[in-house]
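Being a predicted model, the structure only gives us computed values, none of them experimental.
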Amino acid sequence: MDMSMRKGTPLSGPLAGVTLGRPMALSLAVVALAALAPWLVSAYELNLLARFLAMALLAMGLVLVWGQGGVLSLGQGVFFGLGGYAIAMHMKLAALGDGDLPDFMVWSGLDALPWWWVPFKSPLVAILGVVLVPGVVAALFSWAVFRRRVGGVYFALITQALALAFATLLISQQPSTGGFNGLTDFQTVMGVDLGTPAAAHGLYWLTLALVVGVFVALRALMTSRYGTLLRAIRDGENRIRFLGYDPTPFKVVAFTIGAVLAGLAGALFTLHAGVVSPALVGVVPSIEMVIWVAVGGRNSLAGAIAGTLAVNLAKDGVSSAFPDLWLYALGLVFVLVVTLLPGGLAGLVADAGGTTWGRRLKTLIMGEAK
């Protein structure tokens, strides 16, 4: 192969002297194609793509927490829900007149707005709440757990219990949370009519821009000294402790960033889907979130995005045609990924055509040594 082709293609004009490598060129092409989606797909398909891209923000956060930090969280749905409810509360209040209450509160017999709803009348508080509420909850929770050196399967079970408790709390507090139905029927956000094509296109581009920005930021973080130490803690926490580093702050920062991205994903998903409910934040959704990352590759940001899109597109197709089969299909996919493709889709690409995958398949079927 020609070395100039391997290194990349020099640009001309104002960018003369800059070399564009193949991975970068491919990435730019994918982003450009994604930016043109409003003119390439139907309104329904665009809405699905926007929802899945919002979910990809959460998946990239899991790459940092689980893939780089070695901390398996089965409770990301909690932070996804906190972000979604924060923006949904504002949209419900913004549509009301002075002194009015949301419809579900009236039906439940409330005569006054709960005190913790009042600040969300402000759009600034709502936007800050999307980021700060999940971040503060995650930081306090993870600091309390990690400083006691709880990890591994025990941490996974604690976060799973947290997701169950959160969903149960939302359902049980029907008068102030909407109960099992959650919050829905949003008409506007920040004065913008959500029912117009222009709003749909704008929200899609905003979501795409955030995905690209978070991708670049996390890549920089993962290649920094912090990322190196985080991976070292994952591979040998006791050794890092013996070298004089306290692993707790590093893990807390990673978990908090993952929670902030989950909250942002929840807010964007709520804007695109028009609903947020306990069904989106409980144990099953939280486990599905881990499967997205496992399918794509838990150490790859691009793999996490691809896995999120692939699994959710498959879910839309399979659950529409065979509603009772989706969970079985998802379980089968997870088993196959764990046994045959532990590196996910990203690992398959890295194996240059799947040679390692082929050896694993041969070993599984024929019992031959690698």
Are the side chains of Ile158 and Phe141 in contact, using a 4.5 Å heavy-atom criterion? yes

For Arg298 and Val65, what are the C-alpha separation, side-chain angles and deciding distance, and is it a side chain to side chain contact (heavy atoms under 4.5 Å, CB included)? CA-CA 9 Å; Arg298 65 176 184 173; Val65 176; over 6 Å; no

Closest non-hydrogen atoms of Phe334 and Ala294, given as atom of the first, atom of the second and distance, are CE1-CB, 3.9 Å

Testing the basics here: between Ala144 and Arg147, what is the closest heavy-atom pair and its distance to 0.1 Å? O-CG, 3.6 Å

Do Asn181 side-chain atoms and Ser277 backbone N/O form a donor-acceptor pair below 3.5 Å? no

Heavy atoms of Ala163 and Ser286 approach each other most closely as CB-OG, 3.9 Å

Tell me the closest heavy-atom pair linking Gly83 and Val130, and the distance in Å. O-CG2, 3.7 Å

Where the side chain of Thr228 meets the backbone of Ser224, is there a donor-acceptor pair that is under 3.5 Å apart? yes

What's the separation between atom OG1 in Thr188 and atom CZ in Phe186, rounded to the nearest 0.5 Å? 10.5 Å

Does the side chain to side chain contact (heavy atoms under 4.5 Å, CB included) test come out yes or no for Asp316 and Leu48, once each step is laid out? CA-CA 9 Å; Asp316 180 69; Leu48 283 182; 3.5 Å; yes

What pairs with Tyr245 under side-chain hydrogen bond (donor to acceptor under 3.5 Å, both in side chains), at least two apart in sequence or on another chain? Arg225

Less than 4.5 Å apart, any side-chain heavy atom of Tyr204 and any of His201? no

Taking a hydrophobic cluster as the set of Ile, Leu, Val, Met, Phe, Trp and Tyr residues connected by side-chain heavy atoms closer than 4.5 Å, whether directly or through intermediates, do Leu261 and Leu140 fall within one such cluster? no

Got a sec, which pairs hit salt bridge (Lys or Arg N to Asp or Glu O under 4.0 Å) with one end in residues 244-273, sequence neighbours left out? Glu237-Lys251

Side-chain touch Leu194/Leu203, heavy atoms, less than 4.5 angstrom: yes

Pairwise distance CG(Leu170) to CG(Leu183) - rounded to 0.5 angstrom: 9.0 Å

Identify whether Val337 and Tyr328 are in the same connected component of the hydrophobic contact network (ILVMFWY, side-chain heavy atoms under 4.5 Å). no

Would you say Pro278 and Phe166 make side-chain contact, with heavy atoms under 4.5 Å? no

Phe155/Phe255 under ring-ring contact (aromatic ring centres under 6.0 Å, His included): CA gap, chis, key distance, verdict: CA-CA 12 Å; Phe155 183 82; Phe255 191 77; 5.5 Å; yes

Checking Asp185 against Gln187: is there a side-chain donor and acceptor pair closer than 3.5 Å? yes

Distance (rounded to the nearest 0.5 Å) between Leu53 CG and Leu46 CG: 9.5 Å

Would you confirm whether Tyr226, through its side chain, and Leu221, through its main-chain N or O, come within 3.5 Å as a donor-acceptor pair? no

Output for pair (Leu58 CG, Leu264 CG), nearest 0.5 Å, gives 10.0 Å

Do Met89 and Leu169 share a hydrophobic cluster, counting only Ile, Leu, Val, Met, Phe, Trp and Tyr and linking them when any side-chain heavy atoms are less than 4.5 Å apart? no

I'd like to check Thr308 versus Met289 (side-chain heavy atoms, cut-off strictly below 4.5 Å). Are they in contact? no

Would you say CZ of Arg241 has more than 12 non-hydrogen atoms from neighbouring residues, nucleotides or ligands within 6.0 angstrom? yes

Let me confirm one number: the CG-CD1 distance from Leu268 to Ile87, rounded to the nearest 0.5 Å. 9.0 Å

Return yes if some donor-acceptor pair links the side-chain N/O of Trp326 with the main-chain N/O of Gly317 below 3.5 Å, else return no. no

Using the rule that Ile, Leu, Val, Met, Phe, Trp and Tyr join whenever any side-chain heavy atoms are under 4.5 Å apart, tell me whether Met55 and Val41 fall into a single cluster. yes

Between the main-chain N or O of Met105 and the side-chain N or O of Ser108, is there a donor-acceptor pair closer than 3.5 Å? no

With a sphere of 6.0 Å drawn around CH2 of Trp115, does it hold more than 12 non-hydrogen atoms of other residues, nucleotides or ligands? no

Are side-chain heavy atoms of Asp103 and Lys92 found at a separation under 4.5 Å? yes

Looking only at heavy atoms, what is the nearest atom pair of Gly303 and Ala346, with distance? CA-CB, 4.3 Å

Taking the side chain from Thr184 and the backbone from Val275, do they hold a donor-acceptor pair closer than 3.5 Å? no

Would you check if Phe104 and Leu110 make a side-chain contact, meaning some heavy-atom pair closer than 4.5 Å? no

Would you name the heavy atoms of Phe80 and Leu280 that are closest together and state the gap between them? CD2-O, 3.9 Å

Has Thr207 got a side-chain atom pairing as donor or acceptor with Ala50's backbone, closer than 3.5 angstrom? no

Leu96 backbone acceptor or donor facing Asp100 side chain under 3.5 Å: no

Under a 3.5 Å distance rule, please check whether Thr223 uses its side chain to pair with a backbone N or O of Ala220 as donor and acceptor. yes

Under 3.5 Å, is there a donor-acceptor pair between the side chain of His90 and the main chain of Phe120? yes

Side chain to side chain contact (heavy atoms under 4.5 Å, CB included) between Leu336 and Val333: does it pass, once the steps are laid out? CA-CA 5 Å; Leu336 291 176; Val333 168; 5.8 Å; no

Would a 4.5 Å heavy-atom cut-off, applied to side chains only, mark Arg51 and Leu271 as touching? no

From CG (Leu57) to CG (Leu62), nearest 0.5 Å: 12.0 Å

Step by step, work out the side chain to side chain contact (heavy atoms under 4.5 Å, CB included) result for Ser27 and Phe215. CA-CA 11 Å; Ser27 300; Phe215 180 90; 5.7 Å; no

Answer yes if Val133 and Leu124 sit in the same cluster of Ile, Leu, Val, Met, Phe, Trp and Tyr residues linked by side chain heavy atoms under 4.5 Å apart, and no otherwise. no

